[in-house]
Amino acid sequence: MQREKSLKYHLNKCKIGLWIAALCLILGMAGCTSAGSQETRQTVTGSAGSKSSDIEGVVTANDTVNGQLTLKDLGGSMETTISYDASAKMTDRYGQERDGSEIEIGEILQAKYDNASGRLLETGIPEDVWEYQEVDDYKVDSSEGSISFADRKYKYTDDTLVSAGGKTISLMEINPQDVLTVRGIGYNVYSVVRAKGHGYIRLANYKDFIGGMIEVGSDLILPVAKNMLLTVREGSYKVILCKDHSTAVKNVIVREGKEVTLDFSDYKPADRHIGIITFDIEPAGADLTINGTAVGYTKPIALAYGTYQIQVSMTGYTTYKGTLDVAESKGTTVKINLVEEKAEAAETTTSPSSSQKSNKKSSGSTQTKKMDSDHTITVSAPEGAEVYLDNVYKGIAPCSFTKIIGSQTISLRKDGYTPKSYSVDVLDDGEDVKLSFSDLKESSDATEETEAPATPAASP
């Protein structure tokens, strides 16, 4: 009996010991967590010791009203806030003096502050810091954490500052239409700032042009489809819709984060005279140009009334040059027989003809992307939002559509809310893709209507 009591005593003693050890472990972890959270942000208030201290980091905030500058350690998450006034010496990358209001978010600075008062003494840009402005041709590869531009590849991390309008954003919110300022040291990128953003163009009452082409400025050329929402860099543009022999033109201003609707209900087809021309050219395979533009002639060509210069050429044959007039709508055949260079010259005959330039928007305007018909992309949130993949409508979230491999832009739109775009990398991994995005923000002025009328014009 005495032995049993002794055994129970030792067991209870062991249990108490385990409880005490567990409690100490929990308290220790809490202490570490608390200390870690405090280390991510600090404000310099002054301390004893050496007269001054140095810090190097990326500017994440500049409170010009209260005179406070916040720097984040390079490659880390520690943020330090330092007070400054007019007595601080501040210089730019060229050594020229400036004041605190000129310091931009995303700059990489080296700062010295007084330990006694905690106030900034001087700040400048380290010599090894590089900066690229107006970066508009770049590629972000999230799978390897790289961003490529200016024929070089740089590395970024989760601690790289990405900002727009003074606010931190995710790298997914950077759209290929955006213009960036990128800063770093060596092959490491420490800040990406969106210097110029993007907005959206929505088309209305344009069914006559579906299947044709749309040109926005000189950079964006796309086939016209139903329910289009175009993601476009902010700025002023001439928008041209073309199909067959019809063209409509509108001018538009695109503002960052805003949607503008172009209504083509006032479009009226131009009353133009068209002639149908059939070319009969020997030998087969000869090249035909009309007003300097290569034209296929296996089918009849519709050409507006007028006078045009044509040329037919083929290796080993004498090139034919002539003037063709189109003055009637009935079908006309133009017969051209080229003469071999070594043979005696023979007559070539032509019939009255007319020409039109081939649609300059149709050649090389689209890129073929690899499709994975066995898998899908599913966008589950935000529910009720319209989903667009590279400007083409896909459905109302939640929705699924065929998987397309490569870099894609997914745009989300909902009446009464500010549209949002995300850049995503879709891998060729034989898997379905499931995406969920944050809710759209309500906006009373997300949409603005353009009053510019549609202008009918003849195809060039």
Side-chain angles (χ1 to χ4, degrees), residues 56-60 71-76 91-96 98 102-110 124-199 216-222 231-237 254 256 364-369 390-391 405-410 421-427:
E56 188 172 276
V58 178
V59 178
T60 60
L71 302 178
K72 184 173 76 168
D73 285 351
L74 297 182
T91 57
D92 59 20
R93 65 186 305 105
Y94 305 106
Q96 301 296 318
R98 58 177 177 171
E102 297 178 77
I103 295 179
E104 301 177 357
I105 292 177
E107 286 193 36
I108 301 175
L109 299 182
Q110 186 172 29
I125 299 177
E127 293 183 358
D128 56 351
V129 171
W130 50 259
E131 174 182 304
Y132 285 90
Q133 298 182 0
E134 300 293 325
V135 179
D136 58 2
D137 185 10
Y138 52 89
K139 179 182 179 181
V140 177
D141 189 332
S142 59
S143 63
E144 63 178 20
S146 69
I147 177 171
S148 302
F149 57 92
D151 297 326
R152 292 188 180 182
K153 181 182 292 187
Y154 300 90
K155 295 173 59 178
Y156 71 87
T157 68
D158 292 340
D159 291 316
T160 297
L161 173 70
V162 184
S163 68
K167 297 181 179 179
T168 300
I169 62 175
S170 71
L171 198 58
M172 285 182 63
E173 295 178 64
I174 296 295
N175 187 278
Q177 298 292 331
D178 296 338
V179 178
L180 310 178
T181 297
V182 187
R183 300 179 177 92
I185 298 175
Y187 286 98
N188 297 311
V189 173
Y190 292 115
S191 76
V192 177
V193 178
R194 186 165 67 194
K196 183 178 290 187
H198 58 273
V216 183
S218 58
D219 297 329
L220 187 62
I221 304 174
L222 296 168
T231 304
V232 181
R233 180 180 303 161
E234 60 178 310
S236 300
Y237 297 95
V254 178
E256 182 176 6
S365 60
T366 60
Q367 292 183 343
T368 302
K369 293 189 176 182
D390 286 342
N391 305 304
I405 311 301
S407 297
Q408 318 286 343
T409 297
I410 292 183
S421 292
Y422 296 90
S423 296
V424 296
D425 292 328
V426 180
L427 304 179

- Start with the C-alpha distance between Val59 and Leu71, add both sets of side-chain angles, then the distance that settles side chain to side chain contact (heavy atoms under 4.5 Å, CB included), and finish with yes or no. CA-CA 5 Å; Val59 178; Leu71 302 178; 3.5 Å; yes
- Item | Candidate pair Val189 and Trp130, rule side chain to side chain contact (heavy atoms under 4.5 Å, CB included), full reasoning | CA-CA 9 Å; Val189 173; Trp130 50 259; 4.0 Å; yes
Nearest heavy-atom pair of [X] and [Y]: which atoms, and what distance?
| X | Y | answer |
| --- | --- | --- |
| Asp159 | Lys72 | O-NZ, 2.6 Å |
| Thr60 | Ile105 | O-CD1, 3.8 Å |
| Ser421 | Asn175 | CB-ND2, 3.7 Å |
| Asp178 | Tyr138 | O-OH, 3.0 Å |

- Are Glu173 and Lys167 within salt-bridge range, i.e. N to O under 4.0 Å? no
Under the 3.5 angstrom rule, does the side chain of [X] hit a backbone N or O of [Y] as a donor-acceptor pair?
| X | Y | answer |
| --- | --- | --- |
| Ser423 | Ile174 | yes |
| Lys196 | Asp136 | no |
| Glu234 | Gly197 | yes |
| Arg183 | Val193 | no |
| Asp425 | Ser407 | no |

- Task: Check step by step if side chain to side chain contact (heavy atoms under 4.5 Å, CB included) holds for Val58 and Leu74.
- Result: CA-CA 7 Å; Val58 178; Leu74 297 182; 3.6 Å; yes
- Item | Within residues 149-158 or reaching into it, pairs that qualify as side chain to side chain donor-acceptor pair (under 3.5 Å) - sequence neighbours excluded | Glu144-Lys153
- Option passing side chain to side chain contact (heavy atoms under 4.5 Å, CB included) with Tyr190 (candidates Leu161, Ile185, Val129): Ile185
